[in-house]
Amino acid sequence: MVVDCAALAPPFAAAAMQDKLTLMIPGPTPVPESVLLAMSRHPIGHRSPDFQAIVKRTTAQLQWLHQTSNDVLVITGSGTAAMEAGIINVLSKGDRVLCGDNGKFGERWVKVAQAYGLDVQVIKAEWGQPLDPEDFRAALAADTAKAIKAVILTHSETSTGVINDLETIASHVRAHGTALSIADCVTSLGACSVPMDAWGLDVIGSGSQKGYMMPPGLAFVAMSDRAWQAYGHSNLPKFYLDLGKYRKSAQADSNPFTPAINLYFALEAALEMMQAEGLEAIFARHARHRAATQAGMEAMGLPLYAAAGHGSPAITAVAPEGVDAEVLRKAVKQRFDILLAGGQDHLKGHVFRIGHLGFVCDRDVLTAVAAIEATLQGLGLHKGTVGAGVAAAAAALAG
Ligand SMILES: *Cc1c(COP(=O)(O)O)cnc(C)c1O
């Protein structure tokens, strides 16, 4: 069904009020005022004691967030820089790797690995389904020659709203003994527990515009001792993303190049906020928002795209039937100035995605569900009882 939003009479006319944009996409995510204010200072010298103090503090905060005593290094770039750095610092030309692929970001891992001449064996799952840990266990168990050097996967697959079972897959990697685990935790870190040390993860990549409640621009790579051992004989080309340089500088509370200084101000403020809330409370909030979003959608007869029980705490993908997802998404933006994400590749028009990651409160979730409900009603596409979506979401938030 095709509905032309522009042809619709008010109240679907473009929102007259400016500056009320609410981001409910899986990055960039909303930024708290305290973080914005922290950034709006003059930069300071990056070789100054003041800056060193910030590096020292934020490093400890980052270790807290990653639940690790390993190095967590900060580079200037988006999340993909962290992913690329993760690969090129621990692997060598022709190395065999297993790559999990159940969505757009899994595909990206395969492309990065292939770009560096790695021998990539792809382990796939259908979009909307989680990766099967058993596939990884079997492939690793069959590798008696220990040729597999790394297992690379995405924890929270943002394109489909699926969370993969990183803990179990990482345990199979540890049982193999040789392979390293390299994980894209860009939309899981800060949304659910990613205990690097307890799960025995070797490389974790993330980016500032997701769970960190910051603007884009900083990328983070955590490296285990085993990852550093592999670094010692990795021969893939690297210069700006050579993590050895970052490690050496970090030991002197510094950064090898001119860092994005104002983003460090933001990082310190954001991590302070996270510490004040506490990890368990942060994870509980994301779980609650996932439950409320899912309940709201289902009560409106809007099917979830991710397989039941495997929805990401950061993002909910919705696959409406008989409704063009793009039309609905654009109407929500036009009428309520709430930005939802569309579907990628073959999901365009079939799926819309609600980001509930980072600086998101119960009110935001309730508002998004209500806006979707009111938009469906306005388009004459609401099935069932109007208000059922909001009621279900409110009940989930209360419970
Ligand atoms: C956002 C995102 C990335 C990083 O993308 P950038 O645009 O480079 O920041 C990587 N993986 C996942 C799962 C993401 O959601």
Side-chain angles (χ1 to χ4, degrees), residues 23-31 65-66 73-88 99-113 115 123-125 127-131 151-166 169 181-192 194 201 203-222 240-241 260 263 266-267 270 286 289-290 305-306 310-317 339-345 347 351-360:
L23 288 176
M24 301 237 12
I25 55 176
T29 61
V31 181
L65 180 63
H66 288 73
L73 306 167
V74 182
I75 49 191
T76 307
S78 76
T80 306
M83 295 165 62
E84 181 158 342
I87 287 185
I88 64 180
C99 249
D101 173 6
N102 60 333
K104 194 78 187 158
F105 288 97
E107 275 177 9
R108 185 175 296 180
W109 269 133
V110 173
K111 284 183 192 159
V112 176
I123 295 190
K124 274 187 180 282
W127 284 40
Q129 296 295 322
L131 294 167
V151 173
I152 306 174
L153 74 152
T154 307
H155 190 193
S156 164
E157 179 45 81
T158 309
S159 61
T160 60
V162 166
I163 187 96
N164 286 311
D165 186 355
L166 179 59
I169 294 170
S181 53
I182 304 179
D184 169 345
C185 293
V186 178
T187 54
S188 60
L189 204 75
C192 58
V194 187
L201 298 167
V203 181
I204 293 181
S206 60
S208 59
Q209 81 277 27
K210 309 282 177 119
Y212 289 86
M213 313 188 289
M214 288 175 59
L218 293 185
F220 308 91
V221 192
Y240 188 74
L241 295 179
L263 288 176
L267 178 65
H286 284 81
H289 292 167
R290 168 177 55 195
Y305 184 73
H310 299 282
S312 165
I315 181 155
T316 298
L339 186 65
L340 306 172
Q344 293 169 286
D345 290 354
L347 296 185
V351 159
F352 68 88
R353 296 172 298 149
I354 306 168
H356 33 81
L357 170 63
F359 186 53
V360 174

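Order of appearance sets the numbers: ligands from 1, and atoms from 1 within every ligand. These values consider heavy atoms only, across backbone and side chains, with no hydrogens, waters or symmetry-generated copies.
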**Request:** Start with the C-alpha gap between V221 and L241, add the side-chain angles, then the distance that decides, and say whether side chain to side chain contact (heavy atoms under 4.5 Å, CB included) holds.
**Result:** CA-CA 10 Å; V221 192; L241 295 179; over 6 Å; no
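- When the ring-ring contact (aromatic ring centres under 6.0 Å, His included) test is applied to Y305, no partner is found at least two apart in sequence or on another chain.
- With sequence neighbours excluded, no residue satisfies ring-ring contact (aromatic ring centres under 6.0 Å, His included) with W109.
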**Asked** Stepwise, does the side chain to side chain contact (heavy atoms under 4.5 Å, CB included) test hold for H286 with L357?
**Response** CA-CA 7 Å; H286 284 81; L357 170 63; 4.1 Å; yes
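- Once rounded to the nearest 0.5 Å, the distance linking NE2 of H289 with OG1 of T316 reads 11.0 Å.
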Write 'none' if nothing qualifies; otherwise put on separate lines each N/O atom of ligand 1 with a protein N/O atom under 3.5 Å away and their distance to 0.1 Å.
from, atom 1, to, atom 2, distance (Å)
ligand 1, 5 (O), R108, NH1, 3.4
ligand 1, 8 (O), S78, OG, 2.5
ligand 1, 8 (O), G79, N, 3.4
ligand 1, 8 (O), T80, N, 2.9
ligand 1, 8 (O), T80, OG1, 2.5
ligand 1, 9 (O), S78, OG, 3.4
ligand 1, 9 (O), G79, N, 2.9
ligand 1, 9 (O), Q209, NE2, 2.7
ligand 1, 11 (N), D184, OD1, 3.3
ligand 1, 11 (N), D184, OD2, 2.5
ligand 1, 15 (O), T158, OG1, 2.5
ligand 1, 15 (O), K210, NZ, 2.8

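- Every residue two or more places apart in sequence or in another chain was checked for a ring-ring contact (aromatic ring centres under 6.0 Å, His included) with F352, and none qualifies.
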